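A, B, ... follow the sequence lines: proteins, then strands. Residue 1 opens every chain. When reading the values below, keep in mind they use all heavy atoms of this one structure, side chains included, and skip hydrogens, waters and symmetry mates. Predicted, not measured: the structure shown is a model, and the values here were computed from it.
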There are 2 protein chains.
Amino acid sequence: MLQVDIDTKMKFLHGLSNKTRVQILESIKEDEKTVSQIVQDLNGNQSNISQHLTCLKGCGLVVGRQDGKYVYYRVRNQLVRDLLTMIDVVLEDVEKDVACCDSHID
Amino acid sequence: MLQVDIDTKMKFLHGLSNKTRVQILESIKEDEKTVSQIVQDLNGNQSNISQHLTCLKGCGLVVGRQDGKYVYYRVRNQLVRDLLTMIDVVLEDVEKDVACCDSHID
DNA sequence: CAAACATATTAGTATTAGCTAATGTAACGA
DNA sequence: TCGTTACATTAGCTAATACTAATATGTTTG
């Protein structure tokens, strides 16, 4: 049985608790991007995106590497990438489930 | 490529964004429990736990069934259970990673 | 049917998080 | 070296969230 500290876990999950952050993750899931590329991608605000990137880094979900005046961000590793994929898979399944069986519940 | 609506996704992930909710999920991951069992388990407040259970149900993460005056909650299905496990796995890996390579970053 | 128990709901408050705008820092290029 | 570009940081405001206490609903049991 895997023993994970709940506070560490929450810190990690905090990264996934905001729409902008999740969109950033989707945006850089396949390949790394600079901050400004991400800003363009999401049609967002530079300061805002930068703050979320700092957050995602703190949560352990992404890593950044500086190259000259650019900073490239990418999701940390394949396992995190797999987790992101799995969330989509589970979500699809849950949606189907909810649609089929629980539509009488609101 | 899996296409998932971002707002639906956020609604789902919202369930994982709070410590109490994650603790509830951990508590009922293996077997269903009544509200009061969960309250005891977490040493929590009845109203609070009940609200979080409603939230988790709305997020699609858990389902409840009434049996007399008791309501039993359980995680929705095996796929959700797998996701919870995977989070722990990824987290372990990330922690190791952070400890080894990024300890110079705070 | 009344009391007791299990759970849900509501209202009010406190805490947290996210956003924007402004400013700071560092690297590059003319 | 000065201006420009890329990114980070800070401050202030607003909105969302979570908590507690009180009350309501529904079920069982005597």
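Under the 4.0 Å criterion applied to side-chain N and carboxylate O atoms, B/R76 and A/D93 are not assigned as salt-bridge partners.
Toward the 5' end of DNA chain C, the nearer of the two residues B/S47 and A/S47, judged by each one's closest nucleotide, is B/S47. Nearest-nucleotide assignment on DNA chain C puts the 5′-proximal partner with A/N18, out of A/N18 and A/Q46.
When heavy atoms are screened at a 4.0 angstrom cut-off, A/S50 is found touching base atoms of the nucleic acid. Counting any heavy atom pair closer than 4.0 Å across all strands shown, A/Q51 reaches a base atom. Among the atoms of the strands shown, only primed sugar atoms or phosphate atoms (P, OP1, OP2) are found under 4.0 Å from some heavy atom of B/S36. Among the atoms of the strands shown, none is found under 4.0 Å from any heavy atom of A/Y72.
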Problem set entry | Criterion side chain to side chain contact (heavy atoms under 4.5 Å, CB included) on B/K19 and A/D7, from CA distance to verdict | CA-CA 8 Å; B/K19 184 169 170 175; A/D7 291 311; 2.9 Å; yes
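The side-chain heavy atoms of A/L84 and A/V75, taken from C-beta on, include a pair separated by under 4.5 Å.
Formation of a donor-acceptor pair under 3.5 Å by the A/R74 side chain with backbone atoms of A/D31 is not found in this model.
In this model, the phosphate group of D/dC19 is approached by a side-chain N or O of B/N48 to a distance below 4.0 Å at OP1 or OP2. For the pair A/T20 and C/dA17, the criterion of a side-chain N or O lying under 4.0 Å from OP1 or OP2 is not met. OP1 and OP2 of D/dT17 both lie 4.0 Å or more from every side-chain N or O belonging to B/R21. Side-chain N/O atoms of A/H52 include one lying less than 4.0 angstrom from OP1 or OP2 on C/dC19.
Taking atom CG of residue B/D67 and atom C1' of nucleotide D/dT28, one finds them 12 Å apart after rounding to whole Å.
Distances were taken from every side-chain heavy atom of A/Y73 (C-beta onward) to each of D/dA8, C/dA6, D/dC19; the shortest belongs to D/dA8. Checking C/dT7, D/dT17, C/dC19 against every side-chain atom of B/H14, the shortest atom distance belongs to D/dT17.
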